Amino acid sequence: MDNCKYRHILFLSYKDICYNSTSYFEQRISEELINAGIKVTHLNIPKPAKGLSGTLADTAYMLLKPYFNADLDAIIDINTTIPCIKYNNGYILNNFDIPVWHYILDHPLYHYKALKVQLNNYNVICLDTFHAKLIRESFPHIREVKVIPLSADEYSISNISKKYCQDNMADTNSDSSYNTLSYHKCSKRAVKLLFTSTYTDPVKVALLYNKSGLNIQNNNINDKDINDNSTKNTLIKDIDNDYLLNALLNNPSFTQEKAVQYLRSLNILDNSSSTIQYLHNNFLIDVYLQCIIREEIVSTIIKNRIPITIYGHGWDAFVDKCDILIPEYTKYLDIRKEVTYNRLPAIYSNARLSLNQMPWFKGGMHDRIPLALMNGCLSLTDASTYLTDVLNICENEGVYTYSLENIEAVPDIIMDILNNTADDNCVPEIINSLSDKDCVLENINSLSDNARAYAHKHFSWKCWVDKFRSEERRVGKECHSWCCCG
């Protein structure tokens, strides 16, 4: 059935992740599907209760069976493992003769087990054009792949559903830095530099890497070598010496899959596993990579005496680390409490500039960018071909970029944005307290308005649904990844 003619969609969920974000995305997508005249039925597959007989498969089958022959046109899930569930040696979702749309919010390496499932009518939505290419090449049974990055809401009563707006107001009323009754002009906002993210100490990831067994760099090492006690110590590698990690650090423009192919071209890695399977088996390299870059960016900012406000899990541990290693700079960290995803629009609506670190999306976009722009907050991010080649977005729309090859320049870029976004009659000054000069503020307000206007045109949840429902210019595996993205 053509996507444009979906009349009834079954939305499946399992367990929530990352600040209750998946339930937020499910709710907002569902609301816009309903606004488009499509019926949406929600079904949550709960974990079996402890102490009771029965498995997850038993529970899933019992809940899904009434829908097997229902008048449905498609199934959607977000980041779940439901496609993997088997019952009586068959995948449960194969009891449906309709398209299954599996929306993944991370690199495909984290979804390898779900993507390799042989469903009869399997389709994927992902966040990155390179991810789409890898999925098509690695999983030929998947019929269609769309690239649709996440959208965002503006913090206002009219644009957010009543439930989420009430939650937002409950949060903002508990924090005196917010104004819940009116939209702040960018120049009047209390938070000058914002970062919403999770902190994980890279040392913990390195220890996990070392505890995970023999970290063998070259796939050519055979079982005899592995079992030989005399060679075990030489086979255990420190994560900082990992070939894949160093290939990515030395070539920041590489995707993970390109780094694997590069190492194989040098005969450092062999071809005993597929690229996606190799990445899946070595997922800790991706985790560690993101952790060390995140820590380096924030450390560099505060070492240049630039205050930064951070919301997210784990940052208290970073403060403790700074108190030991760089105690004179801890005062530039403003660590706020961890919040659920539905409260982020209010937070971004009170910030002038937000920091974004892509999760190594070289052809995609993290939702911190649309969240910022939708709320009139400028965005500083590492580069992506999706931003430049697909969206053609730039500083005039409030998006600034930095290079992973020159993180040391990030503080200067921040100061330039917040001190130098001025008209020609205003002489910029680089100072350690971010500028409040009238000419600077007026220009920031203009860029803020541009950012919000662009976001309303491209990043609303209605836009997301329009992209999902749009007809492809090419069909199936041959569809160009960005023809769906507007």
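This is a predicted model, so every value here is computed, not measured.
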Check step by step if side chain to side chain donor-acceptor pair (under 3.5 Å) holds for Tyr24 and Thr340. CA-CA 9 Å; Tyr24 183 92; Thr340 51; over 6 Å; no
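- Ser187 and Asn445 are linked by a side-chain donor-acceptor pair at a separation below 3.5 angstrom, with hydrogens and angles left out of the test.
- Checking Asp106 against Asn79 by side-chain atom types alone, a donor-acceptor pair falls below 3.5 Å.
- Counting heavy atoms from C-beta on, the side chains of Tyr199 and Asp316 never come closer than 4.5 Å.
- For the pair Thr381/Arg368, no side-chain contact is recorded, criterion being any heavy-atom separation below 4.5 Å from C-beta on.
- Note on ring orientation: taking the six-membered ring where Trp is involved, the planes of Trp461 and Trp464 are tilted (angle from 30° to 60°).
- A donor-acceptor distance shorter than 3.5 angstrom exists from the side chain of Lys362 to the backbone of Pro252, with no hydrogens or angles considered.
- Within the 4.5 Å cutoff, no side-chain heavy atoms of Ser138 are placed close to those of Glu257.
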What do the steps show when you test Leu344 against Tyr19 for side-chain contact (heavy atoms from CB on, under 4.5 Å), and what is the final call? CA-CA 10 Å; Leu344 291 182; Tyr19 313 107; over 6 Å; no
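- Nearest heavy-atom pair across Gly376 and Cys186 is O-SG, 3.8 Å.
- By the 4.0 Å N-to-carboxylate-O rule, Lys185 lies close enough to Asp449 to be salt-bridged with it.
- In this structure, Asn356 CG and Leu194 CG are separated by 11.0 Å, a value rounded to the nearest 0.5 Å.
- The side-chain heavy atoms of Ile444 and Leu418, taken from C-beta on, include a pair separated by under 4.5 Å.
- Taken from OG in Ser379 to CG in Leu447, the straight-line distance is 12.5 Å, to the nearest 0.5 Å.
- The structure places NE2 of His8 at 11.0 Å from CD1 of Ile38, a figure rounded to the nearest 0.5 Å.
- For Tyr341 and Phe25, the gap between ring centers is short of 6.0 Å.
- Annotation: side chain of Phe195 is not in contact with side chain of Ile297 (no heavy-atom distance under 4.5 Å).
- Between Lys15 and Lys47, the closest side-chain pair of non-hydrogen atoms falls below 4.5 Å.
- Taking a 6.0 Å sphere around OH of Tyr262, one finds it holds 12 or fewer heavy atoms contributed by other residues, nucleotides or ligands.
- The minimum heavy-atom distance between Ser349 and Arg189, with the atom names listed, is O-NE, 3.0 Å.
- Residues Ser470 and Lys467 share a closest heavy-atom pair of OG-O, 2.8 Å.
- The six-membered or imidazole ring of Tyr6 lies away from that of Trp101, with a centre-to-centre distance of 6.0 Å or more.
- When all heavy atoms are compared, the tightest approach of Val465 to Ile29 is CG2-O, 3.9 Å.
- Ring pair Phe68/Tyr61: centre-to-centre distance below 6.0 Å.
- Residues His102 and His111 form a side-chain contact, since some pair of their non-hydrogen atoms from C-beta on lies under 4.5 Å apart.
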Step by step, work out the side-chain contact (heavy atoms from CB on, under 4.5 Å) result for Leu12 and Leu64. CA-CA 10 Å; Leu12 301 180; Leu64 285 167; 3.8 Å; yes
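- Side chains of Glu31 and Gln27: a donor on one and an acceptor on the other come within 3.5 Å.
- If you take NZ on Lys39 and CD1 on Ile34, they are separated by 10.5 Å, rounding to the nearest 0.5 Å.
- Side chain of Asp128 to main chain of His131: a donor-acceptor pair is present (N/O by atom type, distance under 3.5 Å, no hydrogens or angles).
- Rounded to the nearest 0.5 angstrom, Ile78 CD1 and Phe11 CZ are separated by 4.0 Å.
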Determine, stepwise, if the pair Gln357 / Ser197 fulfils side-chain contact (heavy atoms from CB on, under 4.5 Å). CA-CA 9 Å; Gln357 174 206 350; Ser197 64; over 6 Å; no
Run the numbers on Asp242 and Tyr209 for side chain to side chain donor-acceptor pair (under 3.5 Å), then give the verdict. CA-CA 10 Å; Asp242 186 275; Tyr209 174 95; 3.0 Å; yes
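- Taking the salt bridge (charged side-chain N to carboxylate O under 4.0 Å, His left out) definition, one finds that Glu296 meets it with nothing, sequence neighbours left out.
- Nearest heavy atoms, Lys146 versus Phe468: NZ-O, 3.1 Å.
- For the pair Asn375 (side chain) and Tyr155 (backbone), a donor-acceptor distance under 3.5 Å is present.
- Ile148 and Leu127 make their closest contact through O-CD2, 3.6 Å (heavy atoms, listed as atom of the first residue, atom of the second, distance).
- You'll find the side chain of Phe139 stays beyond 4.5 Å of the side chain of Tyr122, heavy atoms only.
- Using modelled atom types, one finds a donor on one side chain and an acceptor on the other under 3.5 Å when comparing Asp334 with Thr309.
- Atom CG of Asn95 and atom NZ of Lys65 lie 9.5 Å apart (nearest 0.5 Å).
- Under the salt bridge (charged side-chain N to carboxylate O under 4.0 Å, His left out) criterion, Lys462 pairs with Asp466, sequence neighbours left out.
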Verdict with supporting geometry, Ile239 and Ile285, side-chain contact (heavy atoms from CB on, under 4.5 Å): CA-CA 8 Å; Ile239 192 168; Ile285 298 303; 3.9 Å; yes
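- Using modelled atom types, one side-chain atom of Asn94 and one backbone atom of Asn120 make a donor-acceptor pair closer than 3.5 Å.
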